[in-house]
Amino acid sequence: IQALGYNSDQLNIDILQMVRMMENGEVVKMSKRTGNAITIKDLIDDIGVDATRYFFAAKAANTPYDFDLTLAKSKSNDNPVYYAQYAHARMCSIQKQAQDIELATSFEDLTNEKEIELMKSLQEFNKVIVETAQSRQVHKMCHYIQNLASKFHSFYNACKVVDRDNLELSAQRLALVKATQIVLANALECIGV
């Protein structure tokens, strides 16, 4: 670092625990000596870069880690990457369906418990960014992403977002969906997904 002209105090190294690969509930046997190992490139080729990044970021660096290949490959809500990306896709779809409705700038009609929980979750984003950066614990961002996606799905299941008979409420709910979509995209971008 000093040879590159930087202060050596700027280099921080996080030591990770060993990663054990699991597939279908079984440990994937690996050995450096026999050349039987899974490289990051192999993992990215198999499950994709987003899943690889997310799964590694989702675990605290100081804890042992079982990387579940079966879960990482699945296209179900059990897969945290799929769950978060599905939430984002749903938000985009809702907005596309209601392009003709102008977003609200006031939110006094958002009084449903699920709406309030989602708004509170959005408000926590800046705090999570600061905590994650200061503590260098990236898994906190992944926990936030899962919580936000969960709050959004709960909101979506409890509240009709696009109601052509109540355009004022729809405009407010659409603005909430847009805000959630922006925050979720930013949170995912923070971890490179």
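We number each residue from 1, following the sequence as shown. Just so it is clear, the structure is predicted and the values come from calculations on it, not from any experiment.
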Reported [atom1]-to-[atom2] distance for the pair [X] and [Y], which is rounded to 0.5 angstrom:
X	Y	atom1	atom2	value
His88	Thr180	NE2	OG1	10.5 Å
Leu103	Lys178	CG	NZ	7.5 Å
His143	His139	NE2	NE2	4.5 Å
Cys142	Leu188	SG	CG	8.5 Å
Arg136	Ile13	CZ	CD1	9.5 Å
Leu110	Met119	CG	CE	5.0 Å

Pairwise side-chain contact, [X] with [Y], heavy-atom cut-off 4.5 Å (strictly under):
X	Y	answer
Thr132	Cys190	no
Phe155	Leu176	yes
Tyr156	Arg90	yes
Asn24	Leu69	no
Leu43	Phe56	yes
Ser121	Phe152	no
Val161	Ser170	no

Residue pairs, two or more places apart or on separate chains, that pass side-chain hydrogen bond (donor to acceptor under 3.5 Å, both in side chains) and touch [range]:
range	result
residues 107-119	Ser106-Glu108, Asp109-Gln172, Glu115-Arg173
residues 41-57	Thr39-Asp42, Lys41-Asp45, Asp46-Lys73, Asp50-Gln85, Tyr54-Gln146
residues 57-69	Arg20-Asp66

For [X], which residues count as a side-chain contact (heavy atoms from CB on, under 4.5 Å) partner, sequence neighbours excluded?
X	result
Gln134	Val130
Asp165	Asp163
Ala187	Phe125, Met141, Tyr144, Ile145

Would you check if the side chain of [X] reaches a backbone N or O of [Y] as a donor-acceptor pair within less than 3.5 Å?
X	Y	answer
Ser74	Leu71	yes
Asn79	Val81	yes
Ser8	Gln2	no

Is atom [atom1] of [X] surrounded by more than 12 heavy atoms (other residues, nucleotides or ligands) closer than 6.0 Å?
X	atom1	answer
Glu124	CD	yes
Phe107	CZ	yes
Glu168	CD	no

Looking at every heavy atom in both Ala104 and Ala175, which two are closest together, and how far apart are they?
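What the structure gives for the nearest pair is O-CB, 3.8 Å.
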Ala51 versus Ala72, closest heavy-atom pair with distance:
CB-O, 4.1 Å
For His153 and Tyr83, take the angle between the two ring planes, folded into 0 to 90°, and tell me which bin it lands in: parallel under 30, tilted 30 to 60, perpendicular over 60.
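His153 and Tyr83: tilted rings.
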